There are 2 protein chains.
Amino acid sequence: MHHKDLINVIKERRTALQVTQETLAELSGVGLRTLKQLESGKGNPTVSTLQKLGDALGLQLNFKVKTNQLTNETGESIV
Amino acid sequence: MHHKDLINVIKERRTALQVTQETLAELSGVGLRTLKQLESGKGNPTVSTLQKLGDALGLQLNFKVKTNQLTNETGESIV
DNA sequence: TTAAAAAGTGCTTTTTGATGCACTTTTAGA
DNA sequence: TCTAAAAGTGCATCAAAAAGCACTTTTTAA
């Protein structure tokens with residue numbers, strides 16, 4: 001996943017949970033300005049920023065070995 | 001995964017493939033100094049740095065809904 | 001055992017991420 | 001429609017990431 005896509009997961013999850021940027025900023029400890037910037041498509045967050053946001057939204061960041069198997073959008077095998 | 005763990009995945013994958021830091025730095029486009037710093041446990045990489053390294057090693061970075069929370073029948077979080 | 005390769009570190013500069021403040025624009029609800 | 005809430009932006013500051021260079025330490029293989 002490109003980092004724009006990772007940010008998009010954050011944004012979609014936040015909106016799905018009907019949480020405002022302001023609330024997510026408070027819950028996660030990430031500055032509101034930073035969150036606004038990221039969600040509007042600017043910047044390249046540090047891993048810790050991404051993790052703070054993910055933690056607050058129940059999302060886990062991880063690495064997975066790429067395979068040549070068919071997978072769904074979460075990288076889970078569908079075979 | 002904490003970012004130390006993410007870096008550890010990089011390191012383990014690199015050594016498993018018997019690739020040196022120098023080679024990985026060249027293949028990924030990440031500076032050797034940066035890679036050395038990260039693997040020796042210092043710093044908080046940007047997502048793009050982590051992705052460059054992951055790409056070169058066949059690792060995919062992604063977000064996943066945490067499993068140790070309340071979910072519905074389809075595995076979707078209901079929190 | 002020892003020499004070369006690989007990994008780790010101190011110092012430095014440049015770039016850029018994180019942040020606050022104030023403001024504008026957009027969206028959603030009464 | 002109109003307004004308040006939410007989202008987005010320009011400007012500035014501070015801290016830290018990325019990077020190169022030269023050096024030391026550790027690991028590995030002959």
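These figures come from a predicted structure and were not determined experimentally. Naming: A, B, ... by sequence-line order, numbering from 1 per chain.
Between A:Leu6 and B:Gln51 the shortest side-chain heavy-atom distance falls below 4.5 Å. Proximity of B:Ile7 to B:Gln37: side-chain heavy atoms (C-beta onward) are nowhere separated by under 4.5 Å. Contact of the B:Glu26 side chain with the B:Leu32 side chain is not registered, since no non-hydrogen atoms from C-beta on lie closer than 4.5 Å. Side-chain atoms of B:Phe63 and A:Ile10, non-hydrogen and from C-beta on, do get closer than 4.5 Å to each other.
Applying side-chain contact (heavy atoms from CB on, under 4.5 Å) to B:Leu53 and the options B:Val9, B:Leu61, B:Leu24, B:Leu27 leaves one that passes, B:Leu24.
The backbone N or O of B:Lys36 sits less than 3.5 Å from a side-chain atom of B:Ser40, completing a donor-acceptor pair.
Rounding to whole angstrom units, CD of residue A:Glu26 and C1' of D:dA6 are separated by 13 Å.
Under the 4.5 Å side-chain heavy-atom criterion for Ile, Leu, Val, Met, Phe, Trp and Tyr, B:Leu59 and B:Leu17 are members of the same hydrophobic cluster.
Salt-bridge check for B:Lys11 with B:Asp5: failed, with every basic side-chain N at 4.0 Å or more from each acidic carboxylate O.
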**Complete:** Going 5' to 3' through nucleotides 25-30 of chain C and flagging B where a protein heavy-atom sits under 4.0 Å of the base, S where only the sugar-phosphate is that close, and - otherwise, we get ------

**Request:** Summarise how protein sits on nucleotides 8-19 of chain D as a single string, 5' to 3': B when a protein heavy atom is under 4.0 Å from the base, S for sugar-phosphate-only contact, - for no contact.
**Result:** BBBB-----SSB

